[in-house]
Amino acid sequence: MTNQKQPQHSFSDQVLSWYDIHARTLPWRSKPGVRPTPYHVWLSEIMLQQTTVATVGPYFEKFLQAWPTVGHMAAAPLDDILTAWAGLGYYARARNLHKCAISVQRDFAGIFPQTRDELLSLPGIGPYTAAAISSIAFDQPEAVVDGNIERILARIYRITEPLPGAKKTITKRAEELTPSTRAGDYAQALMDIGATICTPRNPKCEACPISGSCAANEKLDMETFPVKAPKKIKPTRRAFILWLETDDGSVLLRRRDEKGLLGGMMEFPSTSWQAEEVTTEEALARFSDHLSADASFLEKDMVRHTFTHFHLHLRPLQLPVSKEMFADMPNIIWVKPENFSNYALPTLMTKVVKSVQQGQGNLL
DNA sequence: AAGTCGGGGTG
DNA sequence: CACCCAGACTT
């Protein structure tokens with residue numbers, strides 16, 4: 001771009017004019033002309049990281065009911081946050097959400113900071129979210145770059161460099177195009193366009209307010225962009241997972257380590273997740289200290305689950321046990337299935353619950 | 001720069 | 001089935 005004065009109908013003007021007519025109404029958005037609540041903007045932006053609008057909706061409402069202000073959230077136990085977050089995924093977000101609430105309450109007197117740099121210093125807030133909060137909640141002229149905007153700019157300029165390497169180039173373009181006022185509306189407009197018009201496949205260019213500025217639309221090779229680096233294939237890991245049930249109907253749950261995969265969430269105990277097949281006998285031997293030698297058990301339907309970088313096959317084993325034999329196992333609790341909703345069970349574990357509770361299973 | 005971190009919707 | 005999503009954090 002040049003340093004000349006923008007024409008009257010600049011790119012951002014076209015985008016904003018479209019937004020004034022076509023903006024989607026979303027739970028975290030304010031009415032036109034009204035400043036949104038920074039706490040709502042922050043909460044929604046954290047939830048929306050790598051997560052679709054439809055998925056976030058119910059969680060956003062539930063969190064606002066439970067914690068109306070950042071002060072309420074800062075005062076809550078982390079486990080309550082994790083339980084409410086269960087099913088939404090990327091659980092480090094929930095842990096950082098809690099850390100961030102505590103920091104805002106303690107270091108900023110419960111008032112969210114307005115600048116990009118101050119927001120960047122808070123847990124769970126990276127380059128995208130800092131710019132989004134600063135522009136949407138405080139009308140600061142920050143350039144927002146999410147996956148939608150990356151795709152739109154890559155098409156407009158037909159950027160042939162593959163992501164993620166092209167990120168710097170795209171950010172530079174975004175900064176050139178971002179208006180000095182209404183940067184938040186401009187960003188939300190582009191994200192709406194990306195979600196509903198400039199989609200990854202079958203983009204609806206005839207409905208796009210900026211197709212006239214789009215080099216890819218001119219050459220009719222929209223789906224070529226953005227170019228992305230090839231992805232690694234996902235290996236498969238396997239394990240047995242144990243549904244250990246006492247005669248009063250309680251089932252053993254264990255809390256995972258705070259760090260790493262499903263950090264801080266509850267699980268049923270399992271053998272180690274590994275590529276190699278394991279026999280049922282070896283799996284039970286792994287827990288021999290806690291099981292009687294002649295224990296009978298049911299083998300339930302396999303649970304399939306895919307994480308970001310591997311597939312997982314879990315084979316549930318349902319066994320009758322006594323609590324006494326697990327007295328020395330750390331981080332465990334006994335819970336009746338009707339109370340599972342009060343615990344931080346990730347979706348993988350709810351799949352295990354369904355497998356155990358349906359069908360007969362094979363008696364072995 | 002590459003790897004880790006969920007889950008659901010879509011084609 | 002692979003691909004995508006209002007990315008952040010670690011190594």
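The chains referred to below are lettered A, B, ... by the order of the sequence lines, with proteins before strands, and numbering in each begins at 1.
- Under the 3.5 Å distance criterion, with hydrogens and angles disregarded, a donor-acceptor pair is assigned to the side chains of A/Thr246 and A/Asp248.
- A/Tyr128 comes within contact range of at least one nucleobase, with a heavy-atom separation under 4.0 Å.
- Closest heavy-atom contact between A/Met266 and A/Met349: O-CG, 3.7 Å.
- The shortest heavy-atom contact between A/Thr178 and A/Ala183 is CG2-CB, 3.7 Å.
- The 5' end of DNA chain B is approached more closely, in terms of each residue's nearest nucleotide, by A/Lys232 than by the other of A/Tyr91 and A/Lys232.
- A donor-acceptor pair under 3.5 Å is formed between the side chain of A/Tyr59 and the backbone N or O of A/Ala86.
- Of the listed residues (A/Tyr90, A/Phe63, A/Phe60), just one forms a ring pair (Phe, Tyr, Trp, His ring centres under 6.0 Å) with A/Trp85, and that residue is A/Phe63.
- B/dG9 and C/dA8: their P atoms are spaced 24 Å apart (whole Å).
- Using a 4.0 Å cutoff on non-hydrogen atoms, no part of residues 21-29 of chain A comes near DNA chain B.
- Between A/Phe307 and A/His305, the ring centre distance stays below 6.0 Å.
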Intra- and inter-strand pairing of DNA chain C, written as dot-bracket with Watson-Crick and G-U pairs under 3.5 Å and | for the latter, reads |||||.|||||
Next on the checklist: side chain to side chain contact (heavy atoms under 4.5 Å, CB included), that's the test. Do A/Met191 and A/Asp146 meet it? Break it down for me.
Outcome noted: CA-CA 8 Å; A/Met191 291 189 282; A/Asp146 78 320; 3.6 Å; yes
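- Nucleic acid contact for A/Gly87: sugar-phosphate only, since backbone atoms but no base atoms lie under 4.0 Å from a heavy atom of the residue.
- Base engagement by A/Thr51 is indicated by at least one non-hydrogen atom pair under 4.0 Å involving a base atom.
- Taken residue by residue, residues 52-62 of chain A places no heavy atom nearer than 4.0 Å to DNA chain B.
- From the 5' end on, the contacts that DNA chain B makes with chain A at under 4.0 Å to a non-hydrogen atom open and close at B/dG3 to B/dG11.
- Within 4.0 Å of A/Pro123, counting heavy atoms only, lie sugar-phosphate atoms of the nucleic acid but no base atom.
- Taking each heavy atom of A/Ala94 and A/Ile81 in turn, the nearest pair found is O-CG2, 3.8 Å.
- Remark: the backbone N or O of A/Phe138 is paired with a side-chain donor or acceptor of A/Gln140 at under 3.5 angstrom.
- In terms of position along DNA chain C, the nucleotide closest to A/Met191 lies nearer the 5' end than the nucleotide closest to the other residue of the pair A/Met191 and A/Gly124.
- Heavy atoms only, all atoms of each residue included: A/Ile159 and A/Phe225 are closest at O-CD2, 3.3 Å.
- In terms of position along DNA chain C, the nucleotide closest to A/Ala195 lies nearer the 5' end than the nucleotide closest to the other residue of the pair A/Ile125 and A/Ala195.
- Here A/Arg173 pairs with A/Glu176 in a salt bridge; the nearest charged N to carboxylate O distance falls below 4.0 Å.
- When the P atom is compared between C/dA6 and B/dT4, the two are found 24 Å apart, to the nearest whole Å.
- In this structure, A/Cys205 and A/Asn217 approach most closely via the heavy-atom pair CB-OD1, 3.5 Å.
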Open item on the list: As a quick check of understanding, evaluate side chain to side chain contact (heavy atoms under 4.5 Å, CB included) for A/Val145 and A/Lys167, giving each step before the final call.
Closed with: CA-CA 9 Å; A/Val145 182; A/Lys167 182 89 176 178; 4.1 Å; yes
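- Contacts between chain A and DNA chain C, taken as any atom within less than 4.0 angstrom of a protein heavy atom, begin and end at C/dC4 to C/dC9.
- Rounded to whole Å, the separation between the P atoms of C/dC3 and B/dG3 comes to 16 Å.
- Heavy atoms of A/Gly260 sit under 4.0 angstrom from primed sugar atoms or phosphate atoms, though from no base atom.
- Among the protein residues, A/Thr129 comes within range of the sugar-phosphate backbone only, with heavy atoms under 4.0 Å from sugar or phosphate atoms but none that close to a base.
- Between A/Glu277 and A/Arg238, at least one side-chain nitrogen of the basic residue sits less than 4.0 Å from a carboxylate oxygen of the acidic one, meeting the salt-bridge criterion.
- The nearest pair of heavy atoms linking A/Pro316 to A/Val356 is CB-CG2, 4.0 Å.
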Donor-acceptor pairs are to be reported for all side-chain atoms of residues 35-47 of chain A against protein atoms at under 3.5 Å, with residues two or more places apart or in another chain.
| from | atom 1 | to | atom 2 | distance (Å) |
| --- | --- | --- | --- | --- |
| A/Tyr39 | OH | A/Trp67 | O | 2.6 |
| A/Ser44 | OG | A/His40 | O | 3.1 |
| A/Ser44 | OG | A/Val41 | O | 2.9 |
| A/Glu45 | OE1 | A/Tyr128 | OH | 2.6 |

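- Side chains of A/Thr51 and A/Arg93: a donor on one and an acceptor on the other come within 3.5 Å.
- When each of A/Phe307 and A/Arg201 is assigned the nucleotide of DNA chain B bearing its nearest heavy atom, the one mapping closer to the 5' terminus is A/Phe307.
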